[in-house]
Amino acid sequence: MKFWSQYFIPTLKESPADAEIASHKLLVRAGLVRKLGGGLYTYLPLGLRVMQKLTQICREEMERGGAIELWMPHVHPAEQWEQGPRWAAAREIMFRVDSAGSGKGRAKEPEYVLGPTHEEVITPLIKAEITSYRDLPKNFFQIATKFRNEIRPRYGLMRAKEFVMMDAYSFDADDAGATKSYLAMKAAYENFFRRIGAQAIAVEADTGVMGGSFSHEFMVPAEVGDDDVIYNEESDYAANREKATSALVPPDLKDAPPSGAIEEFATPGIVTIAALEAVPYSVPADQQFKTLVYMGDGKPFLVILRGCDELEEAKLGALGFTLRRPATAEEIEPVLGAKPGSLGAVKGSIKNPAALAGIFADHAIRLVGNGTTGANKDGFHLRHVNVVRDLAITQFGDFRRVRPGEPDPKSGQPLKVRRGIEVGHIFKLGTKYSEKYNAVYTDDQKQSHLMIMGCYGIGISRTLQAVIEQSHDADGIVWPWLAAPFQVLVCVLDPQLPEAMELAKKIGVAAEQAGADVLIDDRAERPGVKFKDADLIGIPLRVTIGGKGLKEGIVELKWRTKKEVVKIPIAEVEKQLAEAVVQASAQA
RNA sequence: CGGGGUGUAGCUUAGCCUGGUAGAGCGCCUGGUUUGGGACCAGGAGGUCGCAGGUUCGAAUCCUGUCGCCCCGACCA
């Protein structure tokens, strides 16, 4: 039981100028956090309590899902990462630490880095400690502060440089076991988000820099989210935009026969799809081939799309390059023979085909059949280009960005799009890390095998804010029962009356015994201030003790989610409150 | 890192264009009146106008640089 006057809940009437979204404003106004610097926040007592609620529930669900808690350092020797598979890709976001005057002369490489996640730490650990199939499977987790030097911190805790994350790593003897571990974690996540009152949905996701074979993101739908979720509720299809596909190309599509011999025609100054669509050329975008050039680990490669489609860059990850970026005009011309705007992939038109790492085409270009593309000659295009006959394609794949309204891949229903906040991510990693660190075990036939890994993360601090974003009204936060810093607020309007405070303590004890955390507002403030603050900090259940009520022999009970106030005789309040607490706990 | 914006009291801000004693609201302190949805009256404390240069008789205001913060883009829990 905490007494407000002795506690520390600095609420604000006005929102800080740097807060843009509702949850960020409320975090500050309700006295949960204060900013130290960009992406760096102090958790005030109330904010810390919520964090502790979330971590404890997360811990319980992870343990129920078979994971074992441990704790790893967050200062990592840089060598640990240099030996790992993603140093090149991850070093940008890592804080570097150098012990002063170490004299090691490592001008370019840091001595230590602060951990953004822990695959590079746990995999060598498990390689050293686990060598037998008898000790598998194992799944380890920790709940700890993570460090990422976000280029652009945003929205309070939503994207911070230092944040709290639960990260878990599973090790299995075989693929079936790894899938089982993955599904156990998926269930644990679902339980966690359900218990804390967050409406999070699992969507198929891109594996990104983590690598691995498949993955789900847990998204809290919210307008302020950073990600687009492509979904259709009837078919149950849901995927991150980076991963989403559609059934645009019918499986039985027959490739169009050539419409004629390739014809070159002059297009002086025409370097965009839109310009070629206009008169006098009048070539619809969906009758054009778009040719993009990227650099993959230093070698250029081509991506061919329909003129009307956009590249979904994340899908290029499937090609397996470690480092990838758009090519510059200077890099393109010597290889293709023309500047961007006149590029194409027609056999024989490419100046130096041997320099290319490949030509990758989106399936959807088969819908074009015969189209127009650049001639690899500035100011010229080619028409009657046939996909099968003329394009030098290495491999077809899914590279285009889906659009709302396209048929979903499960049922053909139109796809929809909405924004979401990514609060959790699970990956089936496979052997990417175990291979790199040679994490092997011996089976019962004395054979060595690579362990199959999975990794799992929940952004606890981000989840805290996502819950607020999802659960607030004009007056303040509306905490779900188990996420709330306190479940019961006893609001004493006349704390100078000894009998009022006596009753408040009795009620508080009863609520605590029923399993609630109790805050007593005993401040010498006017009732209006107390009610406003109560709504702002969003405690689910409020008990009001007023001078008038005391005379009438009643107190008031009000849920934060409801408008009505229930008057209860003082003699019954302890019992009724205890029942309400027990019931709310049972439902949560 | 590219583009845009902004920095004035603990918080929210006016003043800047057009240079001339730095203002308000909230919060805080004192006293009084109030007391069921952010009370009122009276008095009071609190500001190197982000920092450093420059222009000027004179700079919060104009110029240059620099730092912080916010927004848009690429990345992520």
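These figures come from a predicted structure and were not determined experimentally. Labels below follow one simple rule: chain letters A, B, ... track the order of the sequence lines, proteins then strands, and each chain is numbered from 1.
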Could you tell me whether [X] contacts a base, only the sugar-phosphate backbone, or nothing, with contacts defined as non-hydrogen atoms closer than 4.0 Å?
{"X": "A:R325", "value": "nothing"}
{"X": "A:A160", "value": "base"}
{"X": "A:E217", "value": "nothing"}
{"X": "A:F147", "value": "nothing"}
{"X": "A:K35", "value": "sugar-phosphate"}
{"X": "A:S461", "value": "nothing"}
{"X": "A:R542", "value": "base"}
{"X": "A:P16", "value": "sugar-phosphate"}
{"X": "A:D533", "value": "base"}
{"X": "A:G457", "value": "nothing"}
{"X": "A:V423", "value": "sugar-phosphate"}

Look at the side chain of [X] against the base of [N] and say whether a donor-acceptor pair falls under 3.5 Å; ignore hydrogens and angles.
{"X": "A:R152", "N": "B:rG3", "result": "no"}
{"X": "A:R154", "N": "B:rC72", "result": "no"}
{"X": "A:E14", "N": "B:rG27", "result": "no"}

With [atom1] as the reference atom in both, quote the distance from [N] to [M] in angstrom, rounded to an integer.
{"N": "B:rG19", "M": "B:rU12", "atom1": "C1'", "value": "27 Å"}
{"N": "B:rG44", "M": "B:rU48", "atom1": "C1'", "value": "23 Å"}
{"N": "B:rA60", "M": "B:rU21", "atom1": "C1'", "value": "14 Å"}
{"N": "B:rA22", "M": "B:rC16", "atom1": "P", "value": "15 Å"}
{"N": "B:rG32", "M": "B:rU6", "atom1": "C1'", "value": "43 Å"}
{"N": "B:rU61", "M": "B:rU55", "atom1": "C1'", "value": "13 Å"}

Could you tell me which nucleotide pairs with [N] by Watson-Crick or G-U wobble geometry, both distances under 3.5 Å, or answer none if nothing does?
{"N": "B:rC11", "answer": "B:rG25"}
{"N": "B:rU6", "answer": "B:rG68"}
{"N": "B:rU30", "answer": "B:rA42"}

- request: Anything under 30° is parallel, anything over 60° is perpendicular, the rest tilted; go ahead and classify A:Y456 against A:Y182.
  value: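 Rings of A:Y456 and A:Y182: tilted, as their planes differ by 30° to 60°.
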
field: Parallel, tilted or perpendicular: ring planes of A:H425 versus A:F427, cut at 30 and 60 degrees
entry: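 The rings of A:H425 and A:F427 lie parallel, inter-plane angle below 30°.
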
[X], nearest nucleotide to its side chain (from [options]):
{"X": "A:L536", "options": "B:rC76, B:rG36, B:rG38", "result": "B:rG38"}
{"X": "A:R526", "options": "B:rG37, B:rA39, B:rA74", "result": "B:rA39"}
{"X": "A:E556", "options": "B:rG36, B:rC76, B:rA74", "result": "B:rG36"}
{"X": "A:K13", "options": "B:rA74, B:rC76, B:rG38", "result": "B:rG38"}
{"X": "A:E422", "options": "B:rG36, B:rG37, B:rA77", "result": "B:rA77"}
{"X": "A:E150", "options": "B:rA77, B:rC71, B:rG38", "result": "B:rA77"}

- request: Between A:F218 and A:P153, name the one whose nearest nucleotide on RNA chain B is closer to the 5' end.
  value: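 Its nucleotide being nearer the 5' end, the pick is A:P153.
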
- request: For A:E242 and for A:D18, find the nucleotide of RNA chain B with the closest heavy atom, then tell me which residue's nucleotide is more 5'.
  value: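 The residue whose closest nucleotide sits nearer the 5' end is A:D18.
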
Do [X] and [Y] have side chains that approach each other closer than 4.5 Å (heavy atoms only, starting at C-beta)?
{"X": "A:K53", "Y": "A:Q487", "result": "yes"}
{"X": "A:R195", "Y": "A:E61", "result": "yes"}
{"X": "A:V417", "Y": "A:Y231", "result": "no"}
{"X": "A:R49", "Y": "A:K2", "result": "yes"}

- request: Step by step, work out the ring-ring contact (aromatic ring centres under 6.0 Å, His included) result for A:F218 and A:Y189.
  value: CA-CA 8 Å; A:F218 283 76; A:Y189 274 40; 5.1 Å; yes

- prompt: Between residues 222-229 of chain A and RNA chain B, which residues have a heavy-atom gap below 4.0 Å?
  reply: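 Close to the strand are A:D226, A:D227.
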
- request: Please determine if a side-chain N or O atom of A:Y189 lies less than 4.0 Å away from the OP1 or OP2 oxygen of B:rA77.
  value: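 No, no such contact exists.
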
query: Going through the checks in order, is the ring-ring contact (aromatic ring centres under 6.0 Å, His included) test met by A:F163 and A:F147?
result: CA-CA 7 Å; A:F163 58 99; A:F147 300 90; 8.5 Å; no

- prompt: Is there a donor in the side chain of A:T179 and an acceptor in the side chain of A:K428, or the other way round, less than 3.5 Å apart?
  reply: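 A donor-acceptor contact under 3.5 Å links the two side chains.
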
Distance-only polar pair, side chains of A:E60 and A:Q56, donor-acceptor under 3.5 Å: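 Yes, side-chain donor-acceptor contact under 3.5 Å.
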
